[in-house]
Every structure is written in structure tokens, then in C-alpha cells.
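One-based numbering, in listed order, for ligands and for the atoms of each. In this text the structure is predicted, and so the values were computed from the model without any measurement.
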Amino acid sequence: MEERKRMAGLMLRNVAKLYPNGGVGVKDFSLEIEDGEFVVLVGPAGSGKSTLLRMIGGLEEISQGDILIGGERVNDLEPRERRVAMIFRNYMLYPQMTVYENLAFGLKLAGCGREEIARRVEETAALLEIEGLLDKPSEQVEGIDRYKVVVGRALARRPEILLMDDPMISLDGEMRRQMREGLAGIHHRLGVTAVYVTEDASEAMLLGNRLVVMRDGAIEQDGTAEEIYHRPCCRFVAGYFGSPAINVIPAKVERDGDRVIFQAEEHRGVFTEEAGKALLDGGYQGKEILVGIRPEDICLDPESIQRWRENAIRACADACEEDEDGTYMTFRIGDEVLKARVSGETKIQPGDMAELTVDSSKIYIFDKDTQKAI
Ligand code: ADP
Ligand code: MG
């Protein structure tokens, strides 16, 4: 019986990667991931996600800093000595082999005996609930089961850390959806420490308990999906998550009696007491800021308009578009453009004037120069 306490957290301390051509892959990157945690690294192309994953896996030399797995510094260990498994973008199963053989392959290479292989393959298959597939040729396995086999192959050798670099990027929408749903459950059961990389903001939000948002080789924000969406630390993070993207309007901070308001080119709104205080304390009175309003926070119903009277504005409906989350409409107020999520049954037609409003507590505020949230 293996009684050893698993201690396979991952710690990155001031890790940097400078490529020989002068390119900066990752800079001064520090992150702690607990044993069994599932973390999603998310950010645009070129933000350093793959570089980081390759350094953890030992496929890329570390220019600076330390990587610790289960408390042990692994900078100088070979990939196979690190007890890390990786799943890449274009993962493939060995098509001629059965599922069993696919799972056994790495174990054979590692020199495990027949009985040990059989035991580990069966354990892994049970964990992933694919016991019934073991005798099938892998080319006949599809959908989420196929992904489970890929994960199973990576896990059969009992890595302490599972690294996944955008494994779903080549799949079509429906398949991605199925996989996302399956993946969360799989990882919950496995309890293996996992780092999942994706460029796709909505995928990250659906998968992750904890998201680490990357940009230009550094961490922009580290938090739960809820925190990242509702309390973005800066304009970039606010704009990266959410579709259509958050509306951002330049405006000036002014006082109106004892209230603090924003005055944009074409419309105005009242800040909450708390936000108003933060703006005054920060010396923003009379200064330009950026006001952010998410499309789903814009209300068109009479009740909300009544309730948020002071923030209401008349706008001209422009284009109406559909996406996977429903319908949204573009409104114009002079030169200002606002995208708003609307009900599919809306009677508003392009060209119509409509009244819109927003709850003051749903207004995001960013510094115009630093782009940081206020
Ligand atoms: P991501 O996976 O987030 O798209 P990468 O880790 O691939 O980002 O790249 C991060 C940065 O490092 C980019 O600016 C990229 O151009 C640079 N980079 C990546 N690989 C190399 C390499 N082999 N040589 C030089 N620069 C590289
Ligand atoms: Mg990449």
C-alpha cells in the first residue's frame, strides 16, 4: 500500500524566459498552485502560456527563477524525472492500437512489467469510466470518450501534474461544448494538479475554478471566474471576458449636488455612493475616466428605466445580431456606440428610438491612463 502523502503542488518563483533572439516569453512570473488544484491559464496569443507550460514540463530551459513540484526544485531535472504529463494542441491517439494499448504504451516505454501495466491501465480506465472501451480500436472512439482516452494515456503513468496546452482548439463548437462539460467532472474525480491553457475566454470561465489571466508574459489577474468577470483589475481583463465585449465610454467625473456623476459626450449617469467616494478620494473630480458597461447590464424594460431613471438615455437602435448566447443590439447615441443584450422577443427594430438604462452598481470605472480599475 502506498501511504506516502501526495505533495504535488506547483510553485513558480520569479520565473523568466528570455529567448536567444531577445524575445521575452515570460517575465518574473510567480504563482503557487495547490495540490489537486485545477488552474486555467488564459490570455491572448503570445502572452507566454505555452512557454510557461513547457518550462514546467522541462521542455524549455528556464532563464531565471525556480520551479518547484511538491516542494522539490526541478529546474535541472529531465522531463521524465518530473512526474509531469502534457497534452498538446494536436493530441493524437495511436489509431491502430486499442484503447488498452494506448493507455499501456507509456508504461511499456517506462519499463513496467506486464502485471503492473494491467493494474495501472485498469485503475486509470476505472477512474475515467472507460473500462468498457479498453478492447476497442482507438479510431472507433469518439467525442468525450476520445478525450478521456487521451487524458487516460497521460495519467496512466501517474503524473503528479497534468499540463494541457489548448487541447480543444481544433474541435468544432458542439464537440468543445461536450468536452468542456465532461472535463470539469473528470478533473473533479481525478484530483490531479492540473494546469489548462486556453486563449478562449468563455472556455476558461466555464472550466476554471481559478483563472490566471496572462498578458505579455506576466500575470494580469489571478482569481475565480466570478472575480475576474465582476471585478476585473483593468480594462484589458474587463474587455477579454464577455461577449460582446464590455462597452467603454470616455467620460468626465463631475459633482452634482452631493452626488458624483459621469458626463460622457452624449449621456450622463450617477455613480454609487461608494464609487463616488473612491473617485473623489482618488482626485478624479473634473478628470477624464473610462466608464465600462457590460451589454447584459443594459436594461430596456420600463421597470428598470423607472428604477434607474437618472441613468436613462434615448438611443437609436442600429444592427441586431445573434450569437450563441442570444440576441444583442447596437445602439447609437450621437457618436457613442453601445451594445446591449436584448431579449429574443424584443419589438425594437433597427432605426427605432429606445430608452436604455443601467444599474449604477453595475458600472465599471477605469483610469484613462493606467487603464486600471478604480
Ligand atoms: P502563447 O502560448 O500564450 O501564445 P508563447 O509562449 O508561445 O505564447 O509565446 C510568448 C512569447 O514568446 C511570444 O512573444 C513569442 O513570440 C515568443 N516565443 C515563443 N517561442 C519562441 C521561440 N522559440 N523563440 C523566440 N521567441 C519565442
Ligand atoms: Mg501557445
Side-chain angles (χ1 to χ4, degrees), residues 10-33 37-67 69 74-76 78-79 82 84-92 147 150-151 154 159 161-172 175-176 179-180 183 187 193-208 210-223 225 228 232-243 245 371:
L10 174 65
M11 176 127 85
L12 306 173
R13 276 205 303 238
N14 308 103
V15 172
K17 176 71 190 182
L18 308 163
Y19 285 104
N21 68 357
V24 179
V26 170
K27 50 195 180 200
D28 197 22
F29 195 101
S30 297
L31 183 69
E32 200 174 337
I33 300 177
E37 207 176 357
F38 182 86
V39 171
V40 180
L41 287 183
V42 53
S47 56
K49 307 178 298 297
S50 297
T51 300
L52 200 68
L53 230 53
R54 289 201 304 269
M55 286 194 289
I56 299 168
L59 307 178
E60 191 88 72
E61 219 174 290
I62 302 165
S63 311
Q64 262 172 49
D66 291 313
I67 297 184
I69 295 178
V74 298
N75 289 36
D76 305 317
E78 292 294 319
R82 294 191 185 195
V84 161
M86 292 185 81
I87 298 174
F88 294 101
R89 276 189 176 190
N90 298 307
Y91 60 79
M92 300 263 286
Y147 189 73
V150 172
V151 173
I161 309 218
L162 179 61
L163 306 172
M164 292 166 275
D165 195 347
D166 231 339
M168 301 192 202
I169 192 142
S170 54
L171 304 176
D172 65 34
M175 184 86 145
R176 278 175 91 101
M179 297 281 225
R180 276 173 192 160
L183 194 73
H187 282 281
T193 307
V195 185
Y196 185 102
V197 160
T198 181
E199 272 175 39
D200 185 325
S202 65
E203 180 166 297
M205 304 277 285
L206 287 170
L207 286 176
R210 178 175 170 201
L211 272 51
V212 173
V213 186
M214 289 184 67
R215 184 195 195 187
D216 296 337
I219 297 180
E220 201 73 18
Q221 189 167 356
D222 176 351
I228 301 257
C233 68
C234 63
R235 184 194 175 165
F236 166 78
V237 172
Y240 200 73
F241 296 88
S243 168
Q371 312 260 303

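The shortest side-chain heavy-atom distance between Ile87 and Pro167 falls under the 4.5 Å cut-off.
With Phe38 as the aromatic partner, Arg210 does not meet the cation-pi criteria of under 6.0 angstrom to the ring centre and within 45 degrees of the ring axis. A cation-pi contact, defined as under 6.0 Å to the ring centre and within 45° of the axis, links Lys17 to Tyr19.
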**Request:** Dump the intermediate steps for side-chain hydrogen bond (donor to acceptor under 3.5 Å, both in side chains) on Ser202 and Asp200, then the final yes or no.
**Result:** CA-CA 6 Å; Ser202 65; Asp200 185 325; 2.9 Å; yes

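Shown here are the side-chain hydrogen bond (donor to acceptor under 3.5 Å, both in side chains) partners of Asp216, two or more places apart in sequence or in another chain: there are none. Take Asp76 and apply the side-chain hydrogen bond (donor to acceptor under 3.5 Å, both in side chains) test, not counting sequence neighbours, and it matches Arg73.
Look at Asp165 and Lys49 and you find no salt bridge, because none of the NZ, NE, NH1 or NH2 atoms lies under 4.0 Å from a carboxylate O.
Using a heavy-atom distance under 4.0 Å as the criterion, the protein contacts of ligand 1 are Tyr19, Asn21, Val24, Gly25, Pro44, Ala45, Gly46, Ser47, Gly48, Lys49, Ser50, Thr51, Arg54.
The two residues Val26 and Val15 come nearest to each other via the heavy atoms CG1-O, 3.7 Å.
Around the Mg ion (ligand 2), the protein contributes the following N, O or S atoms at distances under 2.8 Å: Ser50 OG.
With 3.5 Å as the limit, one finds no donor-acceptor pair spanning the side chains of Tyr240 and Glu199.
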